[in-house]
Amino acid sequence: MSAQILSSHRTPWTQRLNAWFYRHNQGGRLTTLVLFLPPALTVFTLFVILPISESGLYSFFRWNGFTELSEGGRFVGLRNFAQMLQHDVFHVAVWNTLKIVLISLVIQLPLAMAVALAVASKSRINNLFRLIFFLPFILADVVAGLIWRFIYDGGTGLVAAVTNLFNLEAFYPLADADWAFNAILVVVIWKYFGYHMMIYIAGLQGISDDMIEAAKLDGASPWKIITKVKLPLIWPAIRLSIFFSVIGALQFFEMAMPLVQSGGPGGSAHTIVTYLYEFGIVRTRVGFGSAVAVVLFLACAVFAFTYQRYVMRQRD
Amino acid sequence: MTAHSPSEISYSAHAARWGLMFITALFVLLPFWITVLGGFKTQGELSANPLGLPKVWQTEAYTDILVSPKTWHMLGNSVLITGFTVALVLILASMLAFTFSHIKFAGRNYLYSYVILGMMFPGATAILPLFIKIRDLGLLDTYAGVILPQVAFGLAMSVLLFRTFFEQLPKDLFEAALVDGCGYGRFFWRIVIPLSQPILATVGVFVLVQSWNNYIFPLIMLNDQSVYPWPLGLMEFRGQYGAEWNRILAYITITILPAVVFFLFAQKYIVAGLTGGAVKG
């Protein structure tokens with residue numbers, strides 16, 4: 001009865017829907033949304049967002065992943081986290097990850113900046129050097145690692161050649177707890193400085209020549225021009241490359257695989273992700289591995305948000 | 001300052017610049033030099049003569065690999081995985097970015113932020129649940145089991161690059177098309193995509209290099225050697241030949257050669273793609 005009254009002074013709902021659809025679907029707007037949005041969003045949600053969230057859930061369980069979580073999993077609260085935080089190998093892994101950041105800031109990025117300044121101007125020879133410096137970056141991480149694994153080989157590699165030459169005892173840097181991770185850091189610089197150089201070159205090429213000419217006319221020395229004109233002007237490029245270095249350090253994994261097995265001698269060469277691999281995946285401890293993943297997630301999130309908030313947004 | 005004449009300063013500055021360039025180039029190229037020549041040396045010559053040319057050029061290590069059907073099979077696996085990954089990312093990301101840049105709808109900016117979130121988190125944060133999901137879908141040891149995670153993790157950066165490009169397209173273009181009765185769908189396929197060749201190449205190269213070099217997803221998802229892409233094959237080869245470094249170095253050379261040639265031909269797009277739009281042009 002009441003429904004009849006309500007609808008009697010209105011057009012039937014099918015017609016209203018039609019009108020609404022016509023209004024909103026101009027140019028096939030709705031059709032396009034329905035066809036274009038779901039495929040990418042489904043893949044992204046299913047294989048990125050959902051698994052990251054599930055890491056959060058699994059981190060509270062003791063579970064090997066071979067049975068259903070509801071059957072084989074045992075809720076252990078924060079015990080995975082406690083165990084991880086008390087594990088001295090985890091401390092080494094965090095410290096090593098920080099070391100990659102430190103070595104980037106102190107050696108890699110300054111080297112990248114120095115060569116960027118050296119080869120930024122356009123010329124054939126500069127272009128050649130740029131290509132050379134960028135070359136290691138296009139290699140797969142496992143390939144870069146394997147090449148250096150040979151160089152560091154105390155039996156047949158370059159290190160062996162040097163020790164043979166001076167009649168020294170055979171030395172295996174990657175098997176030495178004091179040397180292994182430092183040796184890896186050299187490979188990190190070798191592979192990635194060219195990438196940062198490219199970012200800086202793009203910044204340097206954006207500086208107008210007038211600016212440099214004006215500074216020269218004012219009697220600025222070449223060194224002053226670099227420190228007082230060029231560096232401040234390419235600060236946006238620098239802060240971007242710092243961002244990439246830190247995110248790269250946090251996910252450092254693939255290059256370590258061919259260089260050292262299971263975190264190197266005594267676990268001295270672990271980083272956060274190799275630690276996750278060794279103690280979560282290899283030992284099929286899904287809960288524990290997920291706890292490591294959660295810590296990694298938090299580290300990325302906290303860094304990304306504070307860096308965006310306080311460094312990327314600041315006025316130049 | 002006053003103690004030096006201008007020409008003296010520029011002379012030492014020049015010397016420092018060239019010194020830096022040559023020493024750095026040496027540091028970069030030496031490992032390549034050792035690797036390529038190492039494959040032509042005998043095992044004994046490797047440490048006795050690390051830098052010089054081989055006394056006798058041994059081609060066996062190279063030919064053994066090149067005639068092995070396993071090598072080519074693995075290359076085929078890599079081509080398949082990378083090909084599908086690139087194609088899917090290009091299609092899915094460009095469609096998504098187009099809706100973000102050209103169609104207004106409620107929650108658009110939230111949805112965009114949601115996708116961009118994917119850029120900040122490495123695959124490792126998802127790897128265990130991802131393995132379980134791929135296993136439950138029955139996709140372990142299949143190409144799809146590697147392709148799907150690679151596509152998913154490639155989307156965020158690609159959508160960002162596409163959206164930035166699409167928004168720079170002239171607005172009149174679309175208004176004119178709409179007046180002419182061309183809908184969004186046709187506008188996208190007939191006008192936007194043909195105009196987007198530079199960004200398609202940039203994103204394509206970015207995803208291609210990422211997928212071609214990727215190790216962690218195949219490592220977790222693939223157990224069966226018949227579906228191994230080459231980074232896994234390389235590590236397996238290394239495991240098999242242990243300390244026979246001349247063979248391993250030959251194998252490395254063969255795997256990096258196509259990458260280097262490709263790099264030389266497509267350097268513009270590779271630099272733009274790999275520096276993720278941080279570098280323009």
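Letters A, B, ... mirror the listed sequences (proteins, then strands); counts begin at 1. Values in this document were obtained by computation on a predicted structure and should not be read as measured data.
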If one checks every heavy atom of A:A301 against chain B at 4.5 Å, the contacting part turns out to be both
Applying a strict 4.5 Å limit to non-hydrogen atoms, the region of B:L88 in contact with chain A is neither
| message | Check the orientation of A:F129 and B:F22. Use parallel for under 30°, tilted for 30 to 60°, and perpendicular for over 60°. | response | perpendicular
If one checks every heavy atom of B:F187 against chain A at 4.5 Å, the contacting part turns out to be neither
Turns out that what part of B:I23 lies under 4.5 Å from chain A's heavy atoms comes down to neither
Under 3.5 Å side-chain donor-acceptor pair for A:T31 and B:Y184:
no
If one checks every heavy atom of A:F44 against chain B at 4.5 Å, the contacting part turns out to be both
Geometric class of the A:F193/B:F27 ring pair [parallel <30°, tilted 30-60°, perpendicular >60°]:
tilted
Of A:S290, A:S55, A:S59, the one forming a side-chain contact (heavy atoms from CB on, under 4.5 Å) with B:L128 is A:S290
Under 3.5 Å, sequence neighbours excluded: what are the donor-acceptor pairs made by side chains of residues 146-159 of chain B?
unit_1, atom_1, unit_2, atom_2, d
B:Q150, OE1, B:T85, OG1, 3.1
B:Q150, OE1, B:S211, OG, 2.9
B:Q150, NE2, B:N214, OD1, 3.2
B:S158, OG, B:G154, O, 2.7

message: Contact between B:M120 and A:F305 at the side-chain level, heavy atoms closer than 4.5 Å - yes or no?
response: yes
message: Less than 4.5 Å apart, side chain to side chain, heavy atoms only: is that true for A:I281 and B:I127?
response: yes
So, the part of B:L111 with a heavy atom under 4.5 Å from chain A: the answer is side chain
Cut-off 4.5 Å, heavy atoms of chain A, and the answer for B:R135 is side chain
When the 4.5 angstrom heavy-atom criterion is applied to A:W223 and chain B, the contacting part is neither
